[in-house]
Amino acid sequence: METSEAKLEAMDLNQQGRHLLEAGNLEGAREKFDRAIDMEPMLMDSYKNYGDLYMAMQEYKEAKNLYKKALLIEKKGELYFLIGNACFMADDVHEGLENYNQAISAGYDGEDMLFFMGMAYEHLNDDSMALRYFQKACNKNPSRPDFVIKKITTYVRMNMLEDAETNADELIKSSPELFDGYHIKIQLLLNKGDYEAAADFAKEASDRFPEDSDLMYDYAKCVALTKKYEEASRLIEQAKQMKYFENSRRNFIMLEAQVAAEQGDVEKAMQCCRESIELDTEEYFDAEARFMLMNLCLTKPDFEGAMGYAEELIRKKQEDSYYFAALYYRPYCLKQLGRTEEAQKLYKEANSFYRLITLKKPEATDAYLYRAMCLKDLEEYDKSLELLEFIDGVAGDIAEVHTLRAEIYRALGKQMQAEEEMQKAYEKKPELRELYEKGGEK
């Protein structure tokens with residue numbers, strides 16, 4: 001068989017392999033690509049397609065190697081893009097970006113690559129660069145709603161809420177059949193604290209998509225935030241009859257728990273949280289439900305129970321806001337149980353951990369607050385007050401700074417200063433007045 005004929009045969013095998021790959025027949029595709037390489041080893045498409053096969057198999061290192069073999073035969077910008085994807089999926093984001101930039105240098109600027117570059121920068125927590133490339137992807141293809149959604153979520157992270165809302169409105173107008181635009185608009189209204197408007201819009205959206213359980217959840221959540229708890233409970237019960245309720249079951253259970261807690265039904269709230277935990281899988285650990293159970297135990301008070309849930313959160317070591325809280329409340333519960341020596345040791349360990357977190361992430365205000373709380377409970381009042389002064393200087397809108405100061409002043413017998421701090425806290429967060437006047441202070 002002559003060389004030109006062999007190349008044509010290899011091209012034909014590649015085409016057949018592509019069809020098999022797209023049909024999900026990976027072994028059939030592999031056999032075609034192997035034969036194509038045997039027949040014509042210098043055909044770039046064979047290695048590129050084989051790389052796509054490995055990507056489908058989630059074997060990203062092998063995919064990268066095959067794409068690089070293809071690149072040795074033909075220097076195409078698209079191949080740099082594919083290598084970048086393989087690196088990105090293998091969690092080597094920096095190498096991925098290097099290859100994306102090489103693709104641009106080679107003249108390739110496909111819309112998907114620009115989008116993936118935005119994703120890569122998002123992964124690196126560089127929102128300014130992420131926004132830049134999401135915007136470029138949108139300019140390249142304005143009809144892609146997934147591009148617009150990513151751009152909007154980046155606006156939200158950057159607190160550019162007017163731009164986010166404008167783009168959400170445009171998304172709803174251009175893609176009225178998509179749920180995402182409505183969901184984003186609802187979240188933006190909630191972020192603004194406009195709960196009534198959010199509830200009205202969520203009702204319209206839910207009426208438009210009556211089978212969408214996620215939008216029904218948004219609606220029920222908005223109603224709950226307007227403190228119409230009976231109506232929210234009715235909507236939750238209505239949602240349980242929906243065809244796709246199971247898709248949003250966990251969200252509804254936790255909303256039901258929150259509504260029950262607001263109505264003072266602690267036992268029902270705890271029952272809902274336990275039901276949510278029963279839905280845990282190997283991949284998903286419900287930290288929110290355990291955190292809520294910990295707090296509900298504290299209100300009873302059941303310090304042994306609260307400590308148990310705190311320990312579950314600590315053992316998981318997810319290093320999220322729930323984990324941060326658990327590190328403080330474990331020694332707090334021990335202190336309430338009279339196990340002072342154990343509590344002091346764990347307070348000191350927690351304080352050291354929070355310090356490490358704030359050294360890595362100076363913007364982690366919650367970690368600073370927990371440090372101040374640990375120092376307060378250790379009766380290191382001067383250090384706690386100094387830290388609270390710092391927090392107030394960088395984030396002056398935190399009501400809890402004043403409640404903590406009030407507790408310290410009260411412990412020092414400075415009742416007038418304590419009352420002044422509580423009034424400042426109420427001004428910043430009026431809902432605290434009811435909580436503290438009902439005996440919510442520790």
Side-chain angles (χ1 to χ4, degrees), residues 18 22 48 51-52 55-56 60 63-64 67 70-71 74-192 201 205 208-209 212 214-215 218:
R18 288 297 312 177
E22 289 162 9
K48 183 263 182 192
D52 292 346
M55 287 292 285
Y60 305 120
K64 181 173 74 170
Y67 291 143
L71 195 62
E74 190 172 342
K75 299 290 184 186
K76 289 183 66 174
E78 183 188 6
L79 291 171
Y80 285 112
F81 163 55
L82 294 172
I83 294 169
N85 288 349
C87 294
F88 182 58
M89 295 304 294
D91 213 24
D92 193 344
V93 183
H94 290 286
E95 187 180 352
L97 281 169
E98 287 173 13
N99 280 280
Y100 290 149
N101 282 309
Q102 283 188 286
I104 291 173
S105 298
Y108 183 84
D109 65 343
E111 61 192 56
D112 285 325
M113 189 186 73
L114 296 171
F115 180 69
F116 283 125
M117 289 183 79
M119 294 278 283
Y121 281 114
E122 181 182 64
H123 187 81
L124 295 171
N125 297 315
D126 188 341
D127 284 330
S128 294
M129 289 298 287
L131 180 61
R132 176 181 176 183
Y133 282 99
F134 289 143
Q135 183 66 63
K136 286 186 175 186
C138 288
N139 291 341
K140 196 84 173 174
N141 187 349
S143 65
R144 286 281 298 269
D146 52 332
F147 294 176
V148 179
I149 290 165
K150 270 296 180 184
K151 182 172 69 167
I152 294 170
T153 56
T154 308
Y155 277 137
V156 171
R157 286 198 305 275
M158 297 176 72
N159 205 34
M160 299 170 67
L161 300 183
E162 287 187 16
D163 291 302
E165 191 165 357
T166 298
N167 279 267
D169 289 337
E170 290 174 0
L171 178 61
I172 292 169
K173 185 176 179 181
S174 62
S175 302
E177 75 289 353
L178 288 180
F179 140 85
D180 304 82
Y182 301 90
H183 175 70
I184 291 170
K185 179 68 179 282
I186 292 164
Q187 303 314 307
L188 289 168
L189 289 168
L190 291 177
N191 285 343
K192 289 165 66 175
F201 184 79
R208 184 182 182 92
F209 300 92
D212 194 307
D214 288 330
L215 281 174
D218 284 346

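Not measured: the values here are computed from a predicted model.
The NZ atom of Lys140 sits 11.0 Å away from atom CZ of Phe147, with the distance rounded to the nearest 0.5 Å. Here the CG-CG distance, from Asp126 to Leu131, works out to 10.5 Å after rounding to the nearest 0.5 Å. With rounding to the nearest 0.5 Å, the separation of CZ in Phe209 from CG in Leu215 is 7.0 Å. Residue Leu114 holds its CG atom at 6.0 Å from CD1 of Ile104, rounded to the nearest 0.5 Å. Remark: Ser128 OG to Met158 CE distance equals 4.0 Å, nearest 0.5 Å. Atom CE in Met117 sits 4.0 Å away from atom CG in Asn101 (nearest 0.5 Å).
For the pair Ala130 and Glu122, the tightest heavy-atom approach, listed with the atom from each and the gap, is CB-N, 3.7 Å. Shown here for Ile83 and Tyr67, the closest heavy-atom pair between the two residues is CG1-CB, 3.4 Å. The nearest pair of heavy atoms linking Lys150 to Phe115 is CG-CE1, 3.5 Å. Considering all non-hydrogen atoms of both residues, Gly118 and Tyr133 come closest at N-CB, 3.6 Å. The nearest pair of heavy atoms linking Gly77 to Ala103 is O-CB, 3.3 Å.
Residue pairs that meet the ring pair (Phe, Tyr, Trp, His ring centres under 6.0 Å) test with at least one member in residues 155-180, sequence neighbours left out, are Phe179-His183. Within the structure, side-chain hydrogen bond (donor to acceptor under 3.5 Å, both in side chains) contacts touching residues 78-89 (residues at least two apart or in different chains) are Asn85-Tyr100.
No side-chain N or O of Tyr121 forms a donor-acceptor pair with one of Arg132 less than 3.5 Å apart. Side-chain contact check for Gln135 and Asn139: at least one donor-acceptor pair (N or O, by modelled atom type) lies under 3.5 Å.
Residues Ile152 and Thr154 are not in side-chain contact: their nearest non-hydrogen atoms beyond the backbone lie 4.5 Å or more apart. Side-chain contact between Glu98 and Cys87 is absent, with no heavy atoms from C-beta onward closer than 4.5 Å. The closest side-chain heavy-atom distance from Ile184 to Gln187 is not below 4.5 Å. Leu124 places a side-chain heavy atom less than 4.5 Å from the side chain of Leu97. Between Met89 and Phe116, every side-chain heavy-atom pair lies at or beyond the 4.5 Å cut-off. Looking at heavy atoms from C-beta onward, Pro145 lies out of side-chain contact with Asp180 at the 4.5 angstrom threshold. Lys185 is not listed as a side-chain neighbour of Leu171, based on a closest heavy-atom distance of 4.5 Å or more.
Between the side chain of Tyr108 and the backbone N or O of Gln102, no donor-acceptor pair lies under 3.5 Å. Remark: side-chain polar atoms of Asn99 are paired, donor with acceptor, to backbone N or O of Glu95 under 3.5 angstrom.
Look at Lys48 and Glu74 and you find no salt bridge, because none of the NZ, NE, NH1 or NH2 atoms lies under 4.0 Å from a carboxylate O. Between Asp163 and Lys151, no side-chain nitrogen of the basic residue sits less than 4.0 Å from a carboxylate oxygen of the acidic one, so the salt-bridge criterion is not met.
For Glu177, the CD atom is densely surrounded, since the number of other residues' heavy atoms within 6.0 Å is greater than 12.
Ring-plane geometry between Phe88 and His123 is classed as perpendicular, the angle between the planes exceeding 60 degrees on a 0 to 90 degree scale with a lower cut at 30.
Taking the side-chain hydrogen bond (donor to acceptor under 3.5 Å, both in side chains) definition, one finds that Asp112 meets it with Arg144, sequence neighbours left out.
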